[in-house]
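To find a chain, count down the sequence lines: A is the first, B the second, and so on, and within it residues start at 1.
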Number of protein chains: 2
Amino acid sequence: MKKVTAHDVARLAEVSQSAVSRAFTPGASVAPDTRERIEKAARKLGYRPNAIARSLITRRSRIIGLVMSYLENQFYPVVIERLCQALQRDGYHVLLFISQTEDADEVLTDILQYQVDGIVMASTTLSSALASDCQNAGIPVVLFNRVAQLGAMGAYSTSSVTSQNREGGRMVGELLLRTGHRRIAWLAGAEKTSTSRDREAGLCDALAAAGLALHARGVGNYDFAEARRAVHLLFRDPASRPDALFAANDHMAIAALETLRTELGLRVPHDVSVVGFDNVPQAAWPSFDLTTVQQNIDEMVDATRNLLFDQLGGQVMARSIDVPCVLMERGTVARRDDEPGRKPGRARQPA
Amino acid sequence: MKKVTAHDVARLAEVSQSAVSRAFTPGASVAPDTRERIEKAARKLGYRPNAIARSLITRRSRIIGLVMSYLENQFYPVVIERLCQALQRDGYHVLLFISQTEDADEVLTDILQYQVDGIVMASTTLSSALASDCQNAGIPVVLFNRVAQLGAMGAYSTSSVTSQNREGGRMVGELLLRTGHRRIAWLAGAEKTSTSRDREAGLCDALAAAGLALHARGVGNYDFAEARRAVHLLFRDPASRPDALFAANDHMAIAALETLRTELGLRVPHDVSVVGFDNVPQAAWPSFDLTTVQQNIDEMVDATRNLLFDQLGGQVMARSIDVPCVLMERGTVARRDDEPGRKPGRARQPA
DNA sequence: CTGAAAGCGCTTACAG
DNA sequence: CTGAAAGCGCTTACAG
């Protein structure tokens, strides 16, 4: 029941407590036979160095705070898993916080008390006030899958790791155009997130290059039920029904698929094409076979790790890294070239 | 950049460091105006008490270690989310560890160094040797969704929270029997897990009560791809094809659904009924509409919290709690009463 | 290589 | 109510 400390081990091994500490510090100089005596005593007593005490004196906790807001989207569990494993490999550990909202400010006060060495925020952002607090405290923050909103002054920026979302959106736009779609609808995520905005911007880039604009636009707020409602609205009028729907993430794309098939009696991709973003595990399930844009999680995790550790060292400037994403063509996009009754210039706008 | 400590605040507020500490300790006695001065100074300096230092002196970290092994099964992300939130409400935090295997021994050494106040292990178990280590160290451990394997001596037992898995299995068996199924197959999870064994036992209880036995049995090891292979084997021979398949969890049930429909050309539930266990979010999606047994996560989380906190107090004995689960009847089970060519006694065994 | 000593930032009896 | 002091379990110069 009593916790065994380095002193106890020292006593048993007949050395000083300092020696015990050295024996457990990689690279410290201890004579081989001393080390052996210490290790034997430690084993006998079941001694484990107290990481809390070590953190206090070294002023590094080897803990990274991870803030998440919702795990229903299967993308995030995968992120947690990969990130934890990567960090564990480096001898770091993850203190997990669930924030109810995208704005993680209140959770942060908590985190900071734990003297984390760094913070990664996935699917959440923080106010520029708190970002500057962290900067002052010398705690690196990296946003995962979000980009910092520039503060009023643009004064504090936070490092971030994302996919090349705009490029990804553009790829989808081009695919849809190439396969003959003309009435392309966009299903937005949370409007203020960079992911949703950038992907939409990319889509619009592609459309604009072809002299087109968005045919319609709904907001699903990255939520299953809201996406369902938005799809109902988007497809309410048969006369102006979209021929393709690009959802800001797979979670909503799947909601759309379910709604289109089950509630609206439309066939995908025969009547409508659907594309998502993320490439969550379910996208590959035969029931969905969803065409989507794959976010390269391993590369994103790696970039996060690197940003974190670079900034742990010294006072490095915030940096943003965006990793390429790749189009995963599966079964939810049809070719519409030969679609009967198609009116090519229908949605065309004057440049 | 410099960290601000209680001393800094004390100096500015012109009080002792002890006073500052008291001002941040709920229930400690500080004069109102002193407290005000301190709070003002703290605000000005951006002071946040160092939780690490506090942990060292109070010998309670208010950190709970959470060990998980695989998050692909959507049941676990939901568990993480609820458990984190519940613990955060109590002022505790979660240090998350991902273990590659069901056996979490190696990860535990790590955890123990962090002086966690308690450990919850979900989808993992630990050796009785380590369980006894934890017991000696006074660190409560509760298994979530697993039950302790009794050690060789039966000496150390670990607290656990599960659903009433056997009862759940029995309910499924009875449902299947009631709806006229006779050739009932079982798709096991990982064979050594209590969940898989208990659910199977419940199913067999129900069958035995009707004078039946398992028609066939496969092993999916709680894995999507393995479940798929097992389903192929189970349905290889058309002559002895099961009329119902009960999978040890939804993750495998969905794999079975996909395989049955896409690769084997069977209709569910027309040709085969399928039942799962967990009631993960996807089970409710129209594409699956999976009949399953719902695990009551909130109650399980609550029980976990209570077990943890009971044992935090004193030297309470390990306890096991099993919470009721409920049958969720959806669309993957058919009535087979009027099935043409059915042979009622086909699989009947002598008692 | 090894030990005595200072100190990380707190909490908490103990006096006053 | 408040302060001086001890101490949580370590690490790390500093001498030797």
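Checking B:Y222 against B:S123 by side-chain atom types alone, no donor-acceptor pair falls below 3.5 Å.
Checking each of A:V116, A:L308, A:I63, A:L312 against A:Y92 for a side-chain contact (heavy atoms from CB on, under 4.5 Å) leaves exactly one that passes, namely A:L312. None of A:V94, A:L66, A:V301 except one satisfies the side-chain contact (heavy atoms from CB on, under 4.5 Å) rule with A:L87; the exception is A:V94.
Taking every side-chain heavy atom of B:A31 into account, D:dC1 is the closest of D:dT11, C:dC1, D:dC1. Of the candidates D:dT11, C:dG9, C:dG3, C:dG3 carries the atom nearest the A:R22 side chain, counting heavy atoms from C-beta on.
Computed from coordinates, the A:E14 CD to C:dT2 P distance equals 14 Å when rounded to whole Å. Summarising the geometry, the separation between CG on B:L56 and C1' on C:dC8 is reported as 9 Å, rounded to the nearest angstrom. Taking atom CZ of residue A:R59 and atom C1' of nucleotide D:dG9, one finds them 17 Å apart after rounding to whole Å. B:I38 has its CD1 atom 11 Å from the C1' atom of D:dC1, to the nearest Å. Counting to the nearest Å, the C1' atom of D:dC8 and the CZ atom of A:R54 are 16 Å from each other. To the nearest angstrom, C1' of C:dT11 lies 14 Å from CZ of B:R60. A straight line from CZ of A:R35 to C1' of C:dG3 spans 17 Å, rounded to a whole angstrom. For the pair B:Q17 CD and C:dG7 P, the computed distance is 15 Å after rounding to whole Å.
When the side-chain nitrogen and oxygen atoms of A:S16 are compared with OP1 and OP2 of C:dT2, none of them lie within a distance under 4.0 Å. Distances shown here put a side-chain N or O of A:Y47 below 4.0 Å from the OP1 or OP2 atom of D:dC10. Side-chain N/O atoms of B:S21 include none lying less than 4.0 angstrom from OP1 or OP2 on C:dT12.
Here A:V20 lies out of heavy-atom contact (under 4.0 Å) with every strand. Among the protein residues, B:S55 comes within range of no part of the nucleic acid, since none of its heavy atoms lies under 4.0 Å from any strand. At the heavy-atom level, A:S29 lies under 4.0 Å from base atoms of the strands shown. If you check every strand for non-hydrogen atoms under 4.0 Å, B:S18 touches a base.
Between A:I57 and B:A53, the residue anchored nearer the 5' end of DNA chain D, judged by the nucleotide with its closest heavy atom, is B:A53.
Across all strands shown, the partner of D:dG16 is C:dC1, judged by Watson-Crick or G-U wobble contacts whose two distances both fall under 3.5 Å.
Between A:H93 and B:Y114, the angle of the ring planes goes over 60°, which puts this pair in the perpendicular group of the 30/60° scheme. Between B:Y76 and B:Y70, the ring planes lie tilted relative to each other; the angle falls in the 30° to 60° range.
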